[in-house]
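Numbering of ligands and ligand atoms starts at 1, following listing order. Starting from 1, each residue takes its place in the sequence as its number.
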Amino acid sequence: MECLYYFLGFLLLAARLPLDAAKRFHDVLGNERPSAYMREHNQLNGWSSDENDWNEKLYPVWKRGDMRWKNSWKGGRVQAVLTSDSPALVGSNITFVVNLVFPRCQKEDANGNIVYEKNCRNEAGLSADPYVYNWTAWSEDSDGENGTGQSHHNVFPDGKPFPHHPGWRRWNFVYVFHTLGQYFQKLGRCSVRVSVNTANVTLGPQLMEVTVYRRHGRAYVPIAQVKDVYVVTDQIPVFVTMSQKNDRNSSDETFLKDLPITFDVLIHDPSHFLNYSTINYKWSFGDNTGLFVSINHTVNHTYVLNGTFSLNLTVKAAAPGPCPPPPPPPPRPPKPTPSLGTWMKLETIILSKLSQGQKTKLHMFSLTGPAGDNPLELSEIPDENCQINRYGHFQATVTIVEGILEVNIIQTTDVLMLLPGPDSSLIDFVVTCQGSIPTEVCTIISDPTCEITQNAVCSPVDVDEMCLLTVRRAFNGSGTYCVNLTLGDDTSLALTSTLISVPDRDPASSLRMTNTALISVGCLAIFVTVISLLVYKKHKKYKPIENSPANVVRSKGLSGFLNRAKAVFFPGNQEKDPLLKNQEFKGVS
Ligand SMILES: *[C@@H]1O[C@H](CO)[C@@H](O)[C@H](O)[C@H]1NC(C)=O
Ligand SMILES: *[C@@H]1O[C@H](CO)[C@@H](O)[C@H](O)[C@H]1NC(C)=O
Ligand SMILES: *[C@@H]1O[C@H](CO)[C@@H](O)[C@H](O)[C@H]1NC(C)=O
Ligand SMILES: *[C@@H]1O[C@H](CO)[C@@H](O)[C@H](O)[C@H]1NC(C)=O
Ligand SMILES: *[C@@H]1O[C@H](CO)[C@@H](O)[C@H](O)[C@H]1NC(C)=O
Ligand SMILES: *[C@@H]1O[C@H](CO)[C@@H](O)[C@H](O)[C@H]1NC(C)=O
Ligand SMILES: *[C@@H]1O[C@H](CO)[C@@H](O)[C@H](O)[C@H]1NC(C)=O
Ligand SMILES: *[C@@H]1O[C@H](CO)[C@@H](O)[C@H](O)[C@H]1NC(C)=O
Ligand SMILES: *[C@@H]1O[C@H](CO)[C@@H](O)[C@H](O)[C@H]1NC(C)=O
Ligand SMILES: *[C@@H]1O[C@H](CO)[C@@H](O)[C@H](O)[C@H]1NC(C)=O
Ligand SMILES: *[C@@H]1O[C@H](CO)[C@@H](O)[C@H](O)[C@H]1NC(C)=O
Ligand SMILES: *[C@@H]1O[C@H](CO)[C@@H](O)[C@H](O)[C@H]1NC(C)=O
């Protein structure tokens, strides 16, 4: 009985053997089994069919969850991070980048070996051996066989020899990219980049999978697998940023009446496919101002009414494309025509792949379908160079409200105080504004370069239709200050900036100044006295200036005199100088 089991077991094994013996690329790479149609109609330049055989001896294949993964890397697991510059306009290049992230405290050194970072402490503490993997040792002993350096293990999974780029021996990772039923092998360090031309790629989302191996003596060990969705589209990917001076929140699509909104169109074209294309921008702002066609990617538009408007942009570019088929046209492959639903899904896929920061920028990016424009509007150019008109679309709904249009400081006044405190210079700013009525005022007092904030205060304001208000602020001492003053309400924020000079009123320094003055006066007195002595030899007695006990009062008087003198000789130092009002510079924001 036992014998029979063994026999059956042997039969089962034997039946499995031929399958295991001839592993093909598509058995190894990913779960998707691409159709022959996919391979044929999506030919990628320089890529090979995944029907090819995979050398499993040199490149072992482990299933997900295999125990051997645990020991595939010393000190933890390596993560492969795959990114792409998707979405790609069909015909342009799409670039994929894989970066390996090693366990804590490990890094690749200049020779391509993996070392422990100096002074970095992980769970195992500081390592005595500086190397995680010293591949230099391996590659030297194994390549000694032949002068050519071409040994049987310096090959890719399909048996092709490694290309001998300079320094290739220090490249210790093998990357196998797989998409659309084809693969691409690359030797590299901890980061590699692969560009693919999308001219033959079916439109829509596609999957890219990457498997990474590391050297292990004369064989290779799988260390990571990663996949990512990318999108090929016949719509020009368009991003639009909308900005406006005085707009409080640039991402809520609410803007202000009577101020220009700047629309800046960014075409996502990382491979510079459209470098030599003429690009047209056709705008409709939705406020019955008609169509506006421009070749400039930035345009300004001012809405003069409040309300809600839907704006439309169509971007058109003549791009290199397939030449029209010779007549009679052969039947086109059954390409799924993207319905609005598909595009919405696409957008969701793209959005889900982006980080939060990118998303805020991208929320205006639209992949909405062609809607009437024919993307296959062909025009022939001699020499087999054909061009095709590609379109990009953008739609948005903007809300226009009234806002604060302008703020001006019309006067700055020094507030006189009965008793000067230790750090008390008060200045009143008389401010006017245009547009809606502000609800708050903020000041930022900073150094004369307007960069280092010293004090920031906001307070609610209650002003009438006239919009005239006085803002009082304290300054810590004499000197030049930059004052940024903003008036705001729910939707707008208007800024003005001015430089002011606060006079010296600190009693301690007044005293210093008084003493200096006294010394000067003393010198003058001595000088006068000497002259007097010379001239009037009879007057023998010299009376020095009294240092009276009523020092404070006296110095105050003297200081007042000196300040007045200063006002005559150095008018620029007084905050009341009308010139200062002209120094105000408007915010860009
Ligand atoms: C597209 O496919 C054709 C064959 O179908 C091939 O000759 C051509 O090189 C491919 N183009 C690119 C960019 O891969
Ligand atoms: C790494 O290998 C090289 C080449 O064999 C050798 O010179 C070096 O000493 C090795 N380093 C360590 C730490 O083993
Ligand atoms: C070594 O070189 C000889 C000829 O120079 C060649 O026949 C042989 O295949 C090479 N061996 C290896 C392992 O590359
Ligand atoms: C596109 O990628 C191919 C490699 O697939 C490369 O040879 C070519 O230079 C790239 N073209 C541009 C414009 O980047
Ligand atoms: C700006 O508007 C966006 C969208 O409405 C909102 O999520 C965000 O919280 C707003 N930011 C501020 C500072 O109010
Ligand atoms: C396209 O233009 C950019 C700058 O505008 C330049 O950096 C890039 O090299 C150009 N690329 C090609 C393929 O012409
Ligand atoms: C904006 O474009 C869409 C589709 O492209 C169209 O249905 C709509 O009428 C356009 N709106 C305006 C105001 O042009
Ligand atoms: C677009 O307009 C801006 C502002 O008027 C100007 O500075 C820029 O040179 C223009 N660009 C082109 C390509 O005309
Ligand atoms: C748009 O207006 C801003 C000022 O609000 C100006 O700097 C810019 O040059 C204008 N751009 C165009 C294209 O007119
Ligand atoms: C437009 O502004 C007026 C005041 O000028 C206001 O009464 C009206 O409610 C506003 N309409 C909208 C849609 O905001
Ligand atoms: C004055 O100094 C105090 C303490 O150093 C600081 O809190 C305050 O913000 C300063 N005020 C100004 C207007 O610089
Ligand atoms: C004050 O406003 C100017 C623009 O007018 C700006 O460049 C500067 O950074 C602002 N300073 C502070 C401290 O916010």
Short version for Asn300: what comes under 4.0 Å of ligand 9, heavy atoms counted, is side chain
Quick one: does Asn45 get an N or O within less than 3.5 Å of an N or O on ligand 4?
no
Protein heavy atom under 4.0 Å of atom 7 (O) of ligand 9:
no
Do the charged groups of Glu51 and Lys23 touch, with an N to O distance under 4.0 Å?
no
I'd like to know if the side chain of Ser250 pairs up with that of Ser243 as donor and acceptor (distance under 3.5 Å, no hydrogens or angles considered).
no
Pair Tyr183 + Phe177: ring centers closer than 6.0 Å
no
So which heavy atom in the protein is nearest atom 5 (O) of ligand 9, and how far is it from that ligand atom?
Pro260 CG, 4.0 Å
So the atoms of ligand 4 within less than 4.0 Å of a heavy atom of Ser195 turn out to be 2 (O), 4 (C), 5 (O)
Enumerate the atoms of ligand 9 whose separation from the nearest heavy atom of Thr298 is less than 4.0 angstrom.
13 (C)
Is the closest side-chain heavy-atom distance between Asn484 and Thr443 below 4.5 Å?
no
Do the two ring centres, one from Phe96 and one from Tyr230, sit under 6.0 Å apart?
yes
Hey, is atom 14 (O) of ligand 8 under 4.0 Å from any protein heavy atom?
yes
Polar side chain donor-acceptor pair, Asn296 to Ser294, under 3.5 angstrom:
no
Judged on heavy-atom distance to atom 3 (C) of ligand 8, which of Asp264, Asn296, Ile295 sits nearest?
Asn296
Please state which protein non-hydrogen atom is closest to atom 12 (C) of ligand 4 and give its distance, to 0.1 Å?
Asn93 ND2, 3.2 Å
Please state whether the rings of Tyr303 and His301 are parallel, tilted or perpendicular, taking 30° and 60° as the class boundaries.
perpendicular
